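All ligand and atom numbering here is 1-based and tracks the order in the structure. Given the structure is predicted, the values throughout are model-derived calculations rather than measurements.
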Amino acid sequence: MENIYLPQVAVIQDIIDETYDAKTFTLSFEDKAYNEKFSYKSGQFVEASLFGVGEAPFGFSSNPNHKGTFDITVRVVGRVTEAMHRLKVGDTMGIRAPLGNSFPLEESKGFDILIVAGGIGLPPLKSLIEPMLDARDDYGEFTILYGARTPKDRIHTKELEAWSQRKDVTIMQTVDQADDNWDEHVGVVTTLFENVKIDSKTTVAFTCGPPIMIRFVIQDLLTMGFPEDRIISTLERYMKCGVGKCGHCAIGHKYVCVDGPVFSYKQMKRLPEK
Ligand SMILES: Cc1cc2nc3c(=O)[nH]c(=O)nc-3n(C[C@H](O)[C@H](O)[C@H](O)COP(=O)(O)OP(=O)(O)OC[C@H]3O[C@@H](n4cnc5c(N)ncnc54)[C@H](O)[C@@H]3O)c2cc1C
Ligand code: FES
């Protein structure tokens, strides 16, 4: 990024309706030279702005190996996200990116991989799963556990289906409340642990989702014997600048926007409780 405060104009190339309240926007920068140079890593995020409305952070949900466009997946909660959901293909938004640190993709090579995602926590993990599957031989057993409130709350259903067709990926899904068409597991995501074989000695676990889910997942992973530095998660804080200047995202002496959003449990444990 040449100027960390200056949004670049990005054009919406495609919009996917993921659920009744979440959409994936595929974007590319209007400035072709900037677009060509642009790259990001799994786990990093953007500050997306709508002129006259406001700015908000979103994780990349696309595969960083695919150049030319990038995706963000946005759930409606308030002012900025509501305005984003009214946008159409061809409309523009401001983007400051890439921001924050990234998932330890290289460091996880040679390990088994366990992904535990809840609800809107899947999009940033999709940006990790896809490059890992591109280099599938670099990793051992690959297990994805995904939980959502109801079948209609599941994001990236097309990708979930594609991953479930692979023989080299174990994937299990669960919902808190089933509907008539749901024939998979029912219960919170941690209840899936009983149904999969995980060796904590050889596995790196990545988890992302609502804070309460992350808390219970980490508790169970620790009980299973995972070392604290092989449990990786993301923290969400209110953010403004996204670049370590305003202090809005501070937890103790750490700024989530630059020291995170990706932290190991070993690092998280040292932060003051918030
Ligand atoms: C690093 C990072 C990555 C994120 N990635 C995604 C993503 O991939 N997809 C996605 O849909 N959302 C993501 N979020 C959350 C997203 O930034 C907020 O939903 C967004 O800022 C809400 O803006 P708004 O103007 O629509 O809502 P507002 O009108 O500002 O708020 C609406 C409601 O949401 C609550 N809220 C807003 N921001 C946060 C927050 N950061 N933490 C907890 N509660 C909040 C408010 O208290 C309020 O109740 C991420 C947040 C961070 C910090
Ligand atoms: S959002 Fe400003 S310091 Fe992190």
Side-chain angles (χ1 to χ4, degrees), residues 1 4-5 7 10 15-27 40-64 70-87 93-103 117-130 146 148-149 153-156 159 206-215 232-263 267-268 271 274:
M1 243 185 310
I4 54 173
Y5 302 108
I15 301 175
I16 298 169
D17 287 312
E18 299 282 359
T19 65
Y20 57 93
D21 66 351
K23 292 186 187 208
T24 293
F25 297 88
T26 300
L27 296 149
Y40 63 94
K41 293 180 181 159
S42 313
Q44 289 192 293
F45 67 97
V46 312
E47 282 281 357
S49 52
L50 293 187
F51 308 112
V53 182
E55 193 178 43
F58 303 96
F60 287 99
S61 57
S62 44
N63 184 343
F70 61 92
D71 295 353
I72 54 174
T73 301
V74 177
R75 187 154 73 99
V76 172
V77 294
R79 210 170 119 83
V80 175
T81 49
E82 269 167 18
M84 286 173 88
H85 272 235
R86 288 195 291 272
L87 296 176
M93 61 177 92
I95 294 285
R96 292 190 294 127
L99 304 173
N101 69 353
S102 56
F103 286 120
I120 192 77
L122 184 60
L125 289 172
K126 172 178 169 284
S127 174
L128 171 74
I129 294 167
E130 290 182 334
Y146 182 45
R149 275 178 300 186
D153 286 290
R154 291 175 313 133
I155 314 264
H156 301 318
E159 287 80 3
F206 296 88
T207 182
C208 198
I212 184 76
M213 181 210 94
I214 293 180
R215 190 177 285 263
I232 315 293
S233 189
T234 58
L235 287 179
E236 255 194 39
R237 302 290 299 160
Y238 288 102
M239 286 185 185
K240 289 282 180 206
C241 70
V243 291
K245 304 288 182 199
C246 71
H248 263 84
C249 67
I251 309 183
H253 60 289
K254 294 281 183 198
Y255 287 157
V256 174
C257 66
V258 287
D259 299 310
V262 177
F263 293 92
Q267 294 166 321
M268 270 185 206
L271 300 174
K274 280 220 177 176

Exercise for the section: Considering heavy atoms of the protein only, find what lies nearest to atom 39 (C) of ligand 1 and give residue, atom and distance to 0.1 Å. Expected result: Tyr238 CE2, 3.5 Å

Completion exercise
Taking only non-hydrogen atoms of Arg75 and a 4.0 Å limit, the atoms of ligand 1 in range are 10 (C), 11 (O)

Problem - side-chain contact (heavy atoms from CB on, under 4.5 Å) between Ile251 and Arg237, worked out - result: CA-CA 9 Å; Ile251 309 183; Arg237 302 290 299 160; 3.5 Å; yes

Problem - Between Phe45 and Phe58, ring centroids under 6.0 Å - result: no

Practice task
Tell me which protein heavy atom sits closest to atom 17 (O) of ligand 1, plus the residue, atom name and distance to 0.1 Å.
Solution key: Pro57 O, 2.6 Å

Problem - 4.5 Å side-chain heavy-atom contact, Ile72 and Leu27 - result: yes

Exercise for the section: Could you find the nearest protein heavy atom to atom 12 (N) of ligand 1 and give me its residue, atom name and distance? Expected result: Phe58 CD2, 3.7 Å

Practice task
Could you check atom 4 (Fe) of ligand 2 against the protein and tell me its nearest heavy-atom contact, residue, atom and distance included?
Solution key: Cys249 SG, 2.3 Å

Practice task
Examine the side chains of Ser42 and Ser102 and answer whether a donor and an acceptor come within less than 3.5 Å of each other.
Solution key: no

Practice task
Verify, without hydrogens or angle tests, whether Ser127 (side chain) and Asn63 (backbone) share a donor-acceptor contact under 3.5 angstrom.
Solution key: no

Practice task
Would you check if Cys257 and Met239 make a side-chain contact, meaning some heavy-atom pair closer than 4.5 Å?
Solution key: yes

Practice task
Give the ring-plane orientation class for Phe60 versus Tyr40, where under 30° counts as parallel, over 60° as perpendicular and anything between as tilted.
Solution key: parallel

Exercise for the section: Any atoms of ligand 2 less than 4.0 Å from a non-hydrogen atom of Lys245? List them with their elements. Expected result: 3 (S)

Handout entry: Under 3.5 Å donor-acceptor, Ser62 side chain and Asp71 backbone
Key = yes

Handout entry: N/O/S atom of Cys246 inside 2.8 Å of atom 2 (Fe) of ligand 2, strictly under
Key = yes

Problem - Side-chain donor/acceptor of Arg79 to backbone N/O of Val53, under 3.5 Å - result: yes

Problem - Nearest-option assignment for atom 1 (S) of ligand 2, heavy atoms, candidates Pro57, Gly242, Ala250 - result: Gly242

Fill in the blank from the handout: Under 4.0 Å from one or more heavy atoms of Val74, ligand 1 contributes atoms 11 (O)

Problem - Heavy-atom donor-acceptor pair, Arg96 side chain to Ile4 backbone, under 3.5 Å - result: yes

Exercise for the section: Number the atoms of ligand 1 from 1 as they appear, then name those within less than 4.0 Å of a heavy atom of Met239, with their elements. Expected result: 1 (C), 53 (C)

Handout entry: Lys23 side-chain N/O to Ile16 backbone N/O, donor-acceptor pair under 3.5 Å
Key = no

Practice task
Indicate yes or no: does an N/O atom of Val77 lie under 3.5 Å from an N/O atom of ligand 1?
Solution key: no

Completion exercise
In terms of its nearest heavy atom to atom 42 (N) of ligand 1, the top option of Glu236, Lys23, Arg79 is Glu236

Practice task
Check whether any N, O or S atom of Cys241 sits under 2.8 Å from atom 2 (Fe) of ligand 2.
Solution key: yes

Handout entry: Which of the ligand 1 atoms, numbered from 1, are nearer than 4.0 Å to a heavy atom of Ala56
Key = 20 (C), 21 (O)

Handout entry: Taking atom 9 (N) of ligand 1 as the reference point, the nearest protein heavy atom with its distance
Key = Thr73 O, 2.8 Å

Practice task
Could you tell me whether the side chain of Phe263 reaches within less than 4.5 Å of the side chain of Asn101, counting heavy atoms only?
Solution key: no

Problem - atom 26 (O) of ligand 1 protein-contacted, heavy-atom criterion under 4.0 angstrom - result: yes

Completion exercise
Counting from 1 in the order shown, the ligand 2 atoms closer than 4.0 Å to a non-hydrogen atom of Cys257 are 1 (S), 3 (S), 4 (Fe)

Problem - Residue, atom name and distance, where the atom is the protein heavy atom closest to atom 53 (C) of ligand 1 - result: Arg237 O, 3.2 Å

Fill in the blank from the handout: For atom 28 (P) of ligand 1, the closest protein heavy atom turns out to be Gly78 CA, 4.0 Å

Handout entry: atom 48 (C) of ligand 1 touched by protein heavy atom at under 4.0 Å
Key = no

Exercise for the section: Note the single closest protein heavy atom to atom 3 (S) of ligand 2, along with its residue, its atom name and the distance in Å. Expected result: Gly247 N, 3.2 Å

Practice task
Record the part of Arg237 in heavy-atom contact with ligand 2 below 4.0 Å; permitted values are side chain, backbone, both and neither.
Solution key: neither

Practice task
Would you mind checking which non-hydrogen protein atom is closest to atom 3 (C) of ligand 1, with the distance to 0.1 Å?
Solution key: Gly59 N, 3.8 Å

Problem - Minimum heavy-atom distance His85-Val74, with the two atoms named - result: NE2-O, 2.8 Å

